[in-house]
Amino acid sequence: MTCGSSSSPPKPARKRLVERFRIGCLFLLLFGVSLPRMLAQSSMAGKGGRLLGIYVFAGERLTADSTEKLPARFMPFVKYCGYNTLEFCDYSFEYPESERAKVLSASRTRIADAHREGLRVFIILLTNMSRDWASLQGEPRGEALTRIMFNPLTRPDEFKQRVEDVQKSIAKGYSEADGFEVFAGDWGGCLGVGCGIEQYFSFGRAYAQVLKNLGLRSQLTLNTWAIANWGTSLEPDKTTFWDAETDLSRKVIDGDITFADAVTLPGHNLYRGLVRTVYTKANRSVPDFPDPIATQRIHAKGKRAYLWPHFIVDDDRGRKMTWRKVHFEVRYLKELAEKSRALGVDGTFVNAYNPPYQMGNIFAYGQLNRDPALPARTILKKFAALIARPGDVEQLTEVFTFLENHSWWGSQMPVQYRLKPLPCKIGTYEEARANLSKVTPLSQRPAPLLMAPKDYLTEVTSTLAFMQQQYGH
């Protein structure tokens, strides 16, 4: 029998397997958690044990934005960049009963894979999702979306079924997750009689009880994203919506949250062009929230405080200028990282829709989480060194700097919020493409990149051509 072809391991290997099994059983008995999960929970990349998570839009049935499978090397890449937590959303309610077992099995496997990689996993739990979602053929919008999110006060039967459905989903697919976030809105919420923050709290308390019912000790976090959807507004183009997010987030912090372990604040006012534009048009200043006082109040209750800035690392399909294009927002990510650190929060979740295209931004925020003082150009140069041969790193850094200075994210900001461009020797798209054509990519990946360096440079070339066509210069 040739080496390695035996159907059973040799005796020393079998002995090690038995020993590992015994150790695993011991951890399960002593701590109520598997050894891989405990290792993941104790793995805290980043300065001072700060949580650094990345939410990936995966497993959603009704939109084309979602991915079915994570890109190859995704987990090793984000860990390399300094992230210690992955986050996904429980979309199992969208699937017909006949398909749910498969979806939840895939989720369980994904969590196990993350734990083996030393990463923790959080799961977003949505609130008032009607049982009718499973029969939809496309993403609901407008009135259709409003109708399919039930009023828990007037439909206690729907509330009861939703909580039972979440308990089944957690038991079958997410019981090994390290944390759960009760997402306030988008999707979620309702307008009308009885719709308000108390209904959001009712889901939080019910999901906390679900975790107890299942004997789980996972974190439960209250995420106030779009909490204005509960009784105030469904219109993010109006200040009413954003005022309510600030006011209701404060009420969550000051409310009875004894059943939760943490509060996650979206932080829209800190970074998002949409919010700044809405307030600028209304001739108003953006509210100074969240602020260090909000964090202190959360901590005073013995809870963790997290930030959940979305869209800045990677935008959704609605922005064609960035969808599946290479873009850099390092200056704005640096500003966000500095504000996050000043708030004193315990961690941050960013997001990715198309991770291979946004390796630069993912890498950048990982660097900035460790050290918000890092210059933007230093980060761009570090990333360029992962793509180009040593002699071409400086030239590629100039191309990346040109893309950074032409950030679509920044161009959508009101003028007073736009950050100063970085010094750059390249002045036009033609010059950028000419410089890029002289860059030789590394033949081997020096890190677990999501694209080979050659393929990534091809995407950069394509992005430059697209942006020149769109901007017309």
> Tell me whether the count of non-hydrogen atoms from other residues, nucleotides or ligands lying under 6.0 Å of CZ in Arg418 goes above 12.
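Enclosed.
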> Going by an N to O cut-off under 4.0 Å, is there a salt bridge joining Arg116 and Asp113?
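Looking at Asp113 together with Arg116, the answer is yes, because their closest N to O distance falls below 4.0 Å.
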> Going by ring-ring contact (aromatic ring centres under 6.0 Å, His included), Phe203 matches just one of Phe183, Phe159, Phe180, Phe259. Which one?
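Going through Phe183, Phe159, Phe180, Phe259 one by one, the ring-ring contact (aromatic ring centres under 6.0 Å, His included) with Phe203 is satisfied by Phe159 alone.
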> For Tyr91, is the NZ or CZ atom of Arg61 found under 6.0 angstrom from the centre of its six-membered ring and inside 45 degrees of the ring axis?
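No, cation not above the ring by the 6.0 Å, 45° rule.
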> Looking at Leu270, is its backbone amide N or carbonyl O close enough to the side chain of Lys339 to form a donor-acceptor pair, meaning the two atoms are under 3.5 Å apart?
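Answer holds: yes.
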> Are Gln367 and Asp371 linked by a side-chain donor-acceptor pair shorter than 3.5 Å?
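No, because no side-chain N or O of Gln367 sits under 3.5 Å from a partner of the opposite role on Asp371.
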> About how many Å separate CD1 of Ile379 and CG of Leu333, when rounded to the nearest 0.5 Å?
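Reported value, rounded in 0.5 Å steps: 8.5 Å.
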> For residues Thr378 and Leu374, report the shortest heavy-atom separation together with the two atoms involved.
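The pair with the smallest heavy-atom distance is CG2-CD2, 4.3 Å.
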> When the ring planes of Phe400 and Phe328 are compared, do they come out parallel, tilted or perpendicular, using 30° and 60° as the limits?
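It falls in the tilted class, 30° to 60°.
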> Which distance, rounded to the nearest 0.5 Å, do you find between the CG of Leu52 and the NZ of Lys79?
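Reported value, rounded in 0.5 Å steps: 13.5 Å.
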> Flag yes if more than 12 heavy atoms outside Lys301 fall under 6.0 Å of its NZ atom; otherwise flag no.
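Enclosed: over 12 neighbouring heavy atoms sit under 6.0 Å from NZ of Lys301.
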> Decide side chain to side chain contact (heavy atoms under 4.5 Å, CB included) for Leu119 and Thr85; before the verdict, give the C-alpha distance in whole Å, the side-chain angles of both, and the deciding distance to 0.1 Å.
CA-CA 5 Å; Leu119 298 166; Thr85 306; over 6 Å; no
> Starting at CG of Asn283, measure out to NZ of Lys281 and round the result to the nearest 0.5 Å.
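These two atoms lie 13.5 Å from each other.
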> Kindly indicate whether the side chain of Pro287, heavy atoms from C-beta on, has any atom under 4.5 Å from the side chain of Thr246.
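Yes. Closest side-chain heavy atoms under 4.5 Å.
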> Taking the side chain from Arg100 and the backbone from Tyr95, do they hold a donor-acceptor pair closer than 3.5 Å?
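A pair under 3.5 Å: yes.
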> Measure from the side-chain N and O atoms of Glu245 to the backbone N and O of Ala226, and report whether any donor-acceptor pair falls under 3.5 Å.
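Yes; at least one donor-acceptor contact below 3.5 Å.
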> Taking atom types as modelled and ignoring hydrogens, do the side chains of Trp225 and Asp186 form a donor-acceptor contact shorter than 3.5 angstrom?
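Side-chain D/A pair, Trp225 to Asp186: present.
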> Could you state the interatomic distance from CG (Asn229) to SG (Cys190), rounded to the nearest 0.5 Å?
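It is 9.5 Å, given to the nearest 0.5 Å.
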> Could you walk me through whether Glu94 and Leu136 pass the side chain to side chain contact (heavy atoms under 4.5 Å, CB included) check?
CA-CA 8 Å; Glu94 285 189 358; Leu136 295 178; over 6 Å; no
> Would you call Asp254 and Arg297 a salt bridge, taking side-chain N to carboxylate O under 4.0 Å as the test?
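Looking at Asp254 and Arg297, the cut-off is met.
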> Does Lys102 pair with Glu99 as a salt bridge, N-O distance under 4.0 Å?
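Salt bridge flag = no for Glu99 with Lys102.
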> I'd like to know if Asp157 pairs up with Arg131 as an ion pair, taking the criterion as any Lys NZ or Arg NE/NH1/NH2 lying under 4.0 Å from an Asp or Glu carboxylate oxygen.
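Salt bridge: yes.
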> After noting the C-alpha distance and the side-chain angles of Asn213 and Gln209, does the key distance pass the side-chain hydrogen bond (donor to acceptor under 3.5 Å, both in side chains) rule?
CA-CA 6 Å; Asn213 294 345; Gln209 186 60 48; 2.9 Å; yes
> Examine the side chains of Ser340 and Thr348 and answer whether a donor and an acceptor come within less than 3.5 Å of each other.
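The answer is yes; a qualifying pair exists.
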> Could you tell me whether Arg331 and Glu335 make a salt bridge, using a distance below 4.0 angstrom between a side-chain N and a carboxylate O?
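No, Arg331 and Glu335 are not salt-bridged.
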> Distance-only, no hydrogens or angles: does the Trp409 side chain make a donor-acceptor pair with backbone N or O of Ile312 under 3.5 Å?
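A pair under 3.5 Å: no.
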> For the ring pair Tyr332 and Tyr365, is the centre-to-centre distance below 6.0 Å?
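So the answer is no for these two rings.
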> Out of Asp315, Asn354, Asp314, which one pairs with Trp323 under the side-chain contact (heavy atoms from CB on, under 4.5 Å) rule?
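So the option named by the test is Asn354.
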> Would you please test Glu404 and Leu380 for side chain to side chain contact (heavy atoms under 4.5 Å, CB included) and show each step?
CA-CA 9 Å; Glu404 165 75 25; Leu380 291 169; 4.2 Å; yes
> For the residue pair Pro309 and Val350, establish whether any side-chain heavy-atom pair is separated by less than 4.5 Å.
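Pro309 reaches Val350 side chain to side chain.
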> What about His327 and Trp408, are their ring centers closer than 6.0 Å?
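Not close enough - the centres of the two rings lie 6.0 Å or further apart.
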> Between Glu338 and Lys334, is there a side-chain N and carboxylate O pair less than 4.0 Å apart?
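Answer for the salt bridge query: yes.
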> Distance only, no hydrogens: is a donor on one side chain within 3.5 Å (strictly under) of an acceptor on the other, for Asn128 and Glu158?
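Asn128 vs Glu158: no donor-acceptor pair found between side chains.
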> Do the side chains of Glu176 and Arg108 get close enough for a salt bridge, i.e. N-O under 4.0 angstrom?
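Salt bridge between Glu176 and Arg108, a charged N being under 4.0 Å from a carboxylate O: no.
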> Measure centre to centre between the rings of His310 and Tyr353, then say whether the value is under 6.0 Å.
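Ring centroids of His310 and Tyr353 are less than 6.0 Å from each other.
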> State whether a side-chain donor-acceptor pair under 3.5 Å links Asn223 with Glu181.
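Yes.
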> Arg162 vs Glu164, test: salt bridge (Lys or Arg N to Asp or Glu O under 4.0 Å). Steps then yes/no.
CA-CA 5 Å; Arg162 173 61 181 154; Glu164 290 174 352; over 6 Å; no
> Okay, side chain of Lys303, backbone of Ala260: is any donor-acceptor separation there less than 3.5 Å?
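Between the backbone of Ala260 and the side chain of Lys303 there is a qualifying donor-acceptor contact (under 3.5 Å).
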> May I ask you to decide if Phe311's main-chain N or O and Asn351's side chain share a donor-acceptor pair within less than 3.5 Å?
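The answer is yes, because a donor-acceptor pair under 3.5 Å joins these two groups.
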> Working to the nearest 0.5 angstrom, can you tell me the gap between Thr232 OG1 and Ile197 CD1?
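Taking OG1 in Thr232 and CD1 in Ile197, the distance rounds to 9.0 Å.
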> Does Tyr83 use its side chain to pair, donor to acceptor, with the backbone of Ile362 at less than 3.5 Å?
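At least one qualifying donor-acceptor pair exists.
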> Do Arg155 and Lys160 have side chains that approach each other closer than 4.5 Å (heavy atoms only, starting at C-beta)?
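Side-chain contact under 4.5 Å: no.
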> Mind checking whether Phe349 and Phe122 have ring centres under 6.0 Å apart?
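Ring centres of Phe122 and Phe349 closer than 6.0 Å.
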> Parallel, tilted or perpendicular, judged at 30° and 60°: which one describes the rings of Tyr55 and Trp308?
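If you compare the ring of Tyr55 with that of Trp308, the planes turn out tilted.
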> Using the side chain to side chain contact (heavy atoms under 4.5 Å, CB included) rule, take Gln167 and Tyr207 through it: C-alpha gap first, then chi angles, then the decisive distance, then the call.
CA-CA 8 Å; Gln167 179 158 323; Tyr207 293 167; over 6 Å; no
> Counting N and O atoms only, with roles assigned by atom type, does the side chain of Ser233 sit under 3.5 Å from a partner on the main chain of Thr240, one being a donor and the other an acceptor?
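No, because the side chain of Ser233 does not come within donor-acceptor range (under 3.5 Å) of the backbone of Thr240.
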> Determine whether Tyr306 and Asp346 satisfy the following criterion, side-chain hydrogen bond (donor to acceptor under 3.5 Å, both in side chains), listing intermediate values before the conclusion.
CA-CA 6 Å; Tyr306 299 131; Asp346 302 294; over 6 Å; no
> Run the salt-bridge test on Asp243 and Arg284 with the 4.0 Å N-O cut-off and return the result as yes or no.
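Yes, Asp243 and Arg284 are salt-bridged.
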> Let me confirm one number: the CD1-CG distance from Ile111 to Leu86, rounded to the nearest 0.5 Å.
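Separation between the atoms: 10.0 Å.
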> Assess the pair Trp133 and Trp187: is the distance between their ring centroids shorter than 6.0 Å?
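So the answer is yes for these two rings.
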> Is any side-chain heavy atom of Phe363 closer than 4.5 Å to one of Leu386?
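Yes - at least one pair of side-chain heavy atoms lies under 4.5 Å apart.
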> Can you confirm whether more than 12 heavy atoms, excluding those of Ile293, are under 6.0 Å from its CD1 atom?
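No.
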> Does Ser249 offer a backbone N or O that forms a donor-acceptor pair with the side chain of Thr224 under 3.5 Å?
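Judged by distance alone, no pair lies under 3.5 Å.
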> Within the distance-only criterion (no hydrogens, no angle test), does the side chain of Thr109 pair as donor or acceptor with the backbone N or O of Ser105 below 3.5 angstrom?
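Looks like yes, one N/O pair under 3.5 Å.
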> Could you check whether any side-chain heavy atom of Tyr456 comes within less than 4.5 Å of a side-chain heavy atom of Leu449, counting everything from C-beta outward?
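Side-chain contact under 4.5 Å: no.
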